[in-house]
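Below is one structure, written out as C-alpha cells; the observations come after it.
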Amino acid sequence: QVQLVESGGGLVQPGGSLRLSCAASGFTFSSSVMTWVRQAPGKGLEWVSDINSGGGMTWYADSVKGRSTISRDNAKNTLYLQMNSLKPEDTAVYYCAKKLEGFYSGSYYFEVYDYWGQGTQVTVSS
C-alpha cells in the first residue's frame, strides 16, 4: 500500500526555519520524481518544489527560491524540505506527492501526481 506521511510542520515566528519530512512507502521511491505542494487558507494548490529521482536536480517556485532546499535520502525513503526565512505567506498545509509526469499544454505546464500525503500544517505568525 502506497503511503506518504508528512511531518515537521508547526508554528514558527517570521524569519524562522522548519524542516519538513515525508516518509514514503509502498512504491519505488528511489526511481520517483518527488514534489512538494502547498495550500494556503482560502487558496488553491501551489507548486513549491520538485526533485529528481537521484536528488541531483531540483526546481523551485519563485516564491520560495533562495529560502528553501528540497532534498531526499533514498536509503531512508524520505523526502525533505528545508525552509528558512519563513514569511506569513508561507502559512499553508504542505503536501508531499509523487510526480507521475509533467507536460506542456498551450501556455501552461502541468504536473500529474499519482500519490499524495495527508499534509502537515505550517503556520508562520508572530
Side-chain angles (χ1 to χ4, degrees):
Q1 183 178 8
V2 171
Q3 191 169 11
L4 295 169
V5 181
E6 299 93 339
S7 62
L11 176 64
V12 64
Q13 301 292 314
S17 299
L18 284 174
R19 190 194 194 200
L20 308 183
S21 297
C22 172
S25 61
F27 66 98
T28 308
F29 178 80
S30 60
S31 65
S32 301
V33 177
M34 299 300 296
T35 300
W36 286 101
V37 298
R38 66 186 182 184
Q39 186 168 32
K43 302 286 187 177
L45 290 170
E46 178 188 13
W47 172 79
V48 176
S49 184
D50 280 359
I51 187 168
N52 75 333
S53 60
M57 296 184 67
T58 59
W59 299 264
Y60 299 92
D62 288 342
S63 58
V64 303
K65 192 172 185 178
R67 301 187 295 118
S68 300
T69 302
I70 188 171
S71 62
R72 65 195 297 160
D73 187 339
N74 285 343
K76 297 180 179 180
N77 282 8
T78 303
L79 176 72
Y80 304 97
L81 182 67
Q82 176 70 44
M83 301 188 70
N84 304 319
S85 302
L86 285 162
K87 306 173 181 179
E89 50 263 45
D90 293 318
T91 296
V93 177
Y94 285 71
Y95 299 95
C96 170
K98 176 183 178 293
K99 181 181 176 180
L100 180 63
E101 61 181 336
F103 62 94
Y104 289 93
S105 181
S107 301
Y108 300 93
Y109 176 73
F110 295 83
E111 291 195 341
V112 179
Y113 312 112
D114 49 353
Y115 301 108
W116 296 73
Q118 293 298 310
T120 185
Q121 176 71 51
V122 171
T123 302
V124 184
S125 177
S126 60

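With values rounded to the nearest 0.5 angstrom, Y115 atom OH is found 11.5 Å from M34 atom CE. N77 CG to L4 CG: the interatomic distance, rounded to the nearest 0.5 Å, is 10.0 Å. Rounding to the nearest 0.5 Å places OG of S53 at 11.5 Å from NZ of K99.
Remark: S107 pairs with no residue by the side-chain contact (heavy atoms from CB on, under 4.5 Å) rule, at least two apart or across chains. Looking at residues two or more places apart in sequence or on another chain, you find no side-chain hydrogen bond (donor to acceptor under 3.5 Å, both in side chains) involving N52. Residues forming a side-chain contact (heavy atoms from CB on, under 4.5 Å) with T58 (at least two apart in sequence, or on another chain): I51, Y60, I70. A search for side-chain hydrogen bond (donor to acceptor under 3.5 Å, both in side chains) contacts involving S68 returns nothing, not counting sequence neighbours. Annotation: side-chain contact (heavy atoms from CB on, under 4.5 Å) contacts of Q39 (sequence neighbours excluded): L45, Y95. Remark: S85 engages R67 in a side-chain contact (heavy atoms from CB on, under 4.5 Å) (not counting sequence neighbours). Take N84 and apply the side-chain hydrogen bond (donor to acceptor under 3.5 Å, both in side chains) test, not counting sequence neighbours, and it matches S17, Q82.
Through ILVMFWY side-chain contacts below 4.5 Å, Y80 is grouped with nothing and stands alone. Cluster note: V5 groups with no other residue, as no ILVMFWY side-chain heavy atom lies under 4.5 Å from it. With a 4.5 Å cut-off between side-chain heavy atoms of Ile, Leu, Val, Met, Phe, Trp and Tyr, the cluster of F110 takes in L100, F103, Y108, V112.
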Report all side-chain donor-acceptor pairs from residues 116-126 shorter than 3.5 Å, counting only partners two or more places apart or in another chain.
residue : atom : partner : partner atom : Å
T120    : OG1  : G9      : N            : 3.1
Q121    : NE2  : A92     : O            : 3.4
Q121    : NE2  : T123    : OG1          : 3.4

Just list the side-chain donor-acceptor pairs under 3.5 Å for residues 19-30, sequence neighbours left out, or say none.
none

- [ ] Please step through side-chain contact (heavy atoms from CB on, under 4.5 Å) for the pair W36 and C96, ending with a clear verdict.
- [x] CA-CA 5 Å; W36 286 101; C96 170; 4.1 Å; yes

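Residue M83 is not grouped with residue V93 when hydrophobic side chains (ILVMFWY) are merged at heavy-atom distances under 4.5 angstrom, including chains of intermediate members.
Using a 4.5 Å heavy-atom threshold, the side chains of Y109 and E111 count as touching. Contact check for R38 versus V64: side-chain heavy atoms found under the 4.5 Å cut-off.
Heavy-atom minimum distance, T78 versus K76: OG1-O, 2.9 Å. Across L86 and V12, no two heavy atoms sit closer than the pair CD1-CG1, 3.5 Å.
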